[in-house]
Amino acid sequence: NDISLLSEGQPPQILQAPVNVRMAKLKALTETFWFSHEFEARDLIFTAANYASANTRVAATTDMLDNADNEPIKIIQTLIDTPLIPPNALVMGLAVWRPLQRHPQMVSAIKAVLGSRAAVSGQVNQDEVAAFFGLKQVLVGKQRTNNANPGQTASYSRIWGKHLAAIRIEDAPQSTVSPYPGTALTAYGNIMNAGPVFVASRTIQPGEENGGLYGAVADIIGHTRKVLMVNQDSCYLLQNCVTNDV
């Protein structure tokens, strides 16, 4: 980010500018795209109205994953087994993931050595949980947002909240008609995958509109997006399944 300064009284000088303002603005716009996309994906997945009525519920006392006496394996298997079409992924926020990955029953089931009665401690990882339940993946949202108004002291909270969803992600649906009678692909199932962010620049020549005396550079920023659709009957939402956020 070198700036050449020319003056009649001094020879050309090179100064190190701390920030390239133009690129800083483009970076901020790019991050805004990804941030807004995460909100949209969160709302899509964690809105109960997007699910079949039998495939969503608010967690009862026995469903709380941060209770060491509850059975997370049984709870998650219910989420997977209830839908007509089995889900192949779990989606949750960090508030749900942390107690789940440290839950003694999860650690014991995944880490215990066959035939051993030794106490098992530690935690499990996302790949281990996915493999344990026979799923494609376990997705954990960790982003925070500032809820304060401009000028106020920052107040952060996790975007993904305290919910757990079992969903089916199909990479390439072949038809808009479900193979199951009485059901059809709907606008839900639907994980919005933001494609690559692109930036296009165009040099404005002197004399053009908004060109100024020496011209300028116009930047255009955007990104592509695709929506992957699966059947509404292949998802299950468990709301508020932990006590505390993180």
Q: Check whether any side-chain N or O of Asn55 sits under 3.5 Å from a backbone N or O of Leu84 as a donor-acceptor pair, and report yes or no.
A: no
Q: Tell me the closest heavy-atom pair linking Phe133 and Met106, and the distance in Å.
A: CE1-CE, 3.9 Å
Q: For Arg57, what residues pass the salt bridge (Lys or Arg N to Asp or Glu O under 4.0 Å) criterion, not counting sequence neighbours?
A: Asp63
Q: Over all heavy atoms of both residues, which pair between Ala95 and Lys162 is shortest? Give the atoms and the distance, please.
A: CB-CG, 4.3 Å
Q: Does some side-chain heavy atom of Leu65 sit less than 4.5 Å from a side-chain heavy atom of Pro72?
A: yes
Q: State, yes or no, whether a side-chain contact exists between Val107 and His103 at a heavy-atom distance under 4.5 Å.
A: no
Q: Drop me the distance from Tyr236's OH to Thr82's OG1, to the nearest 0.5 angstrom.
A: 5.5 Å
Q: Would Met64 end up clustered with Leu94 when hydrophobic side chains under 4.5 Å apart are linked, directly or stepwise?
A: no
Q: Please tell me whether Trp97 and Gln126 have a donor and an acceptor in their side chains that are separated by less than 3.5 angstrom.
A: no
Q: From Ile167 CD1 over to Ile80 CD1, what is the distance, rounded to the nearest 0.5 angstrom?
A: 12.0 Å
Q: Could you state the interatomic distance from CH2 (Trp160) to CZ (Arg42), rounded to the nearest 0.5 Å?
A: 8.0 Å
Q: Shortest non-hydrogen contact from Leu237 to Ala165?
A: CD1-CB, 4.1 Å
Q: Could you work out, with salt bridge (Lys or Arg N to Asp or Glu O under 4.0 Å) as the rule, every residue matching Glu128, not counting sequence neighbours?
A: Lys111
Q: Roughly how far apart are Gln143 CD and Thr145 OG1, rounded to 0.5 Å?
A: 8.0 Å
Q: Once you round to the nearest 0.5 Å, how far does CG of Leu135 lie from CG of Leu90?
A: 5.0 Å
Q: Would you say the side chains of Ser155 and Asn147 form a donor-acceptor pair under 3.5 Å?
A: no
Q: Which atom names give the shortest non-hydrogen contact between Met92 and Val138, and what distance separates them?
A: CE-CG1, 3.8 Å
Q: On a heavy-atom basis, which atom in Leu139 and which in Ile169 lie closest, and how many Å separate them?
A: CD1-CD1, 4.4 Å
Q: Taking only residues two or more places apart in sequence, or in another chain, which ones meet Asp66 in a salt bridge (Lys or Arg N to Asp or Glu O under 4.0 Å)?
A: none
